There are 2 protein chains.
Amino acid sequence: MPKDRAPTRIQQKNRATILDAALDVFSAQGFRGATVDEIAATAGLSKPNLLYYFPSKEAMHEALLERLLDTWLDPLRAMDGDGEPLEEIMGYVRRKLQMSRDFPRESRLFANEVLQGAPRIHDALSVDLKTLVDSKCAVLETWMASGAIARVHPHHLIFSIWSLTQHYADFDVQVRAVLGPEDPFDGAMAFLDTLYRRMLRP
Amino acid sequence: MPKDRAPTRIQQKNRATILDAALDVFSAQGFRGATVDEIAATAGLSKPNLLYYFPSKEAMHEALLERLLDTWLDPLRAMDGDGEPLEEIMGYVRRKLQMSRDFPRESRLFANEVLQGAPRIHDALSVDLKTLVDSKCAVLETWMASGAIARVHPHHLIFSIWSLTQHYADFDVQVRAVLGPEDPFDGAMAFLDTLYRRMLRP
DNA sequence: CGTTGCTTTGACCGGTTGGTCAAATCATTG
DNA sequence: CAATGATTTGACCAACCGGTCAAAGCAACG
């Protein structure tokens, strides 16, 4: 293990390589299904070398989840209470769908974790996530009270955005098996646009 | 292994016990994360006894998926082209949400499998599932052509029903962490009712 | 009751897993 | 170049994994 100094270029590069490979494997196999050997092979490094940069398999997983939770909620944070209500919501939907298209591995890592009971992030969900969601639901409620958008249960509105957008990353195989060669994301964005505009039209 | 006769009462009971325990473990840990020992402990039987009734861990998983695929699509099959269009769709949504409430383990088993690339059911998805979905999409299109419901991309309409309903089983932990003590399913049904009626109103 | 065949399990096996360690190699700096 | 510390790895280990097997237990029936 290196001493407690500023990380060298080699350290930065190798840590990044390892986390990228770990994301590949964890998102495809789940935590217990992933093996350090497979991560090492994907990263093009030896197994002991991985464990030189991270103290354990668990630590790699933690590092990924920590980094993920920060960025995963940015699109929701960016929903601005002072903006045009319907366009703010549509912007959130669009950003979230783009994340499913551009970062499907992150989406599946998260899905795997929650599917299996969120043992490692349960606190973050019921504190940080809940706090953020509750505050955005308050915003949604003022928009509904002002008549800018139609009335619906605000929490379930947010759940619907998560579910509809992440579905295209998490269930990608199924979506493509049913759709055939057609690209899912173009049709999805058009569909979601219609859905939310019709549902929320005052 | 028993000979090729009608299964005894003991066989029926033990097979059922094993599959129930296997569903518990596979749905919570994924295929690779599940261990035969844990399934055996959950079932209250010894490991060699499980492997007396099923030739392998893989066989238990297959038996579950086979049974699941048959029943999982029943709600969609039941959508009747001759019925009242909007009520047929709402009935499908209601049945699917009830399945998430009553059979969350089955939903999570399916989600785990698809998340990890559907290695064991890919053919079933791109043949049986696709055939069924395509035929139901044709029905939806006649309803849209007749003006009974508004025009939307029929495949994405079905994806939306899958995603919105299964979300409450697959992401149950997250939903409850955010919602608190409130029961998710009552609010969900009301929300989905509003969503689809507004989106599909001609 | 005795025999037959279904059921159950303790002990075991080869392969894999996460993780360790000492030794070798490499980069950096004086 | 010499020396110091960062980096890399082959060999190894104990624990665990899926699966086997022979022997024991048990129920059913003549």
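Just so we're clear, the structure is a prediction, and the values are computed from it rather than from any experiment. So you know, we letter chains A, B, ... as the sequences are listed, proteins then strands, and number each from 1.
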- [ ] Side chain of A:Asp37 only, please: which of C:dT17, C:dT8, D:dG18 is the nearest?
- [x] C:dT17

Task: B:Gln11 side chain, from C-beta outward: closest of C:dG18, C:dT8, C:dC6 - done: C:dC6

Task: Sub-6.0 Å ring centroid separation between A:His153 and A:Phe159 - done: no

Task: Rounded distance [0.5 Å steps], OH in B:Tyr92 versus CG in B:Leu157 - done: 9.5 Å

Open item on the list: Rounding to an integer number of Å, can you tell me how far B:Gln12 CD sits from C:dT7 C1'?
Closed with: 16 Å

Open item on the list: When you measure from the side-chain N and O atoms of A:Asn14 to the phosphate of D:dT8, is any distance below 4.0 Å, counting only OP1 and OP2?
Closed with: yes

Task: Polar side-chain contact B:Lys47-D:dG18 base: donor and acceptor under 3.5 Å - done: yes

Open item on the list: Heavy atoms from C-beta onward define the side chain here; which of D:dG18, D:dT8, C:dG18 lies closest to that of B:Lys57?
Closed with: D:dG18

Open item on the list: Tell me the interatomic distance from A:Arg15, atom CZ, to D:dT8, atom P, rounded to whole angstroms.
Closed with: 12 Å

- [ ] Take A:Asn49 and A:Arg32, find for each the nucleotide of DNA chain D with the closest heavy atom, and name the residue whose nucleotide sits nearer the 5' end.
- [x] A:Asn49

- [ ] State whether A:Tyr52 places a side-chain N or O below 4.0 Å from either non-bridging phosphate oxygen (OP1 or OP2) of D:dT8.
- [x] no

Open item on the list: So if I take every side-chain heavy atom of B:Pro48 and compare against C:dT8, C:dT9, C:dT17, which nucleotide ends up nearest?
Closed with: C:dT9

- [ ] For the pair B:Arg120 and B:Glu113, find out whether any cationic side-chain nitrogen is under 4.0 Å from an anionic carboxylate oxygen.
- [x] yes

Task: Among C:dT7, C:dT20, D:dT9, the nucleotide that comes nearest once only the side chain of A:Leu51 is considered - done: C:dT20

Open item on the list: A cation-pi test, strictly: NZ or CZ of A:Lys57 under 6.0 Å from the centre of the six-membered ring of A:Phe26 and no more than 45 degrees from its axis. Yes or no?
Closed with: no

TODO: Identify whether any heavy atom of A:Ala34 sits under 4.0 Å from a base atom; if not, whether one sits that close to sugar-phosphate; answer base, sugar-phosphate or nothing.
DONE: sugar-phosphate

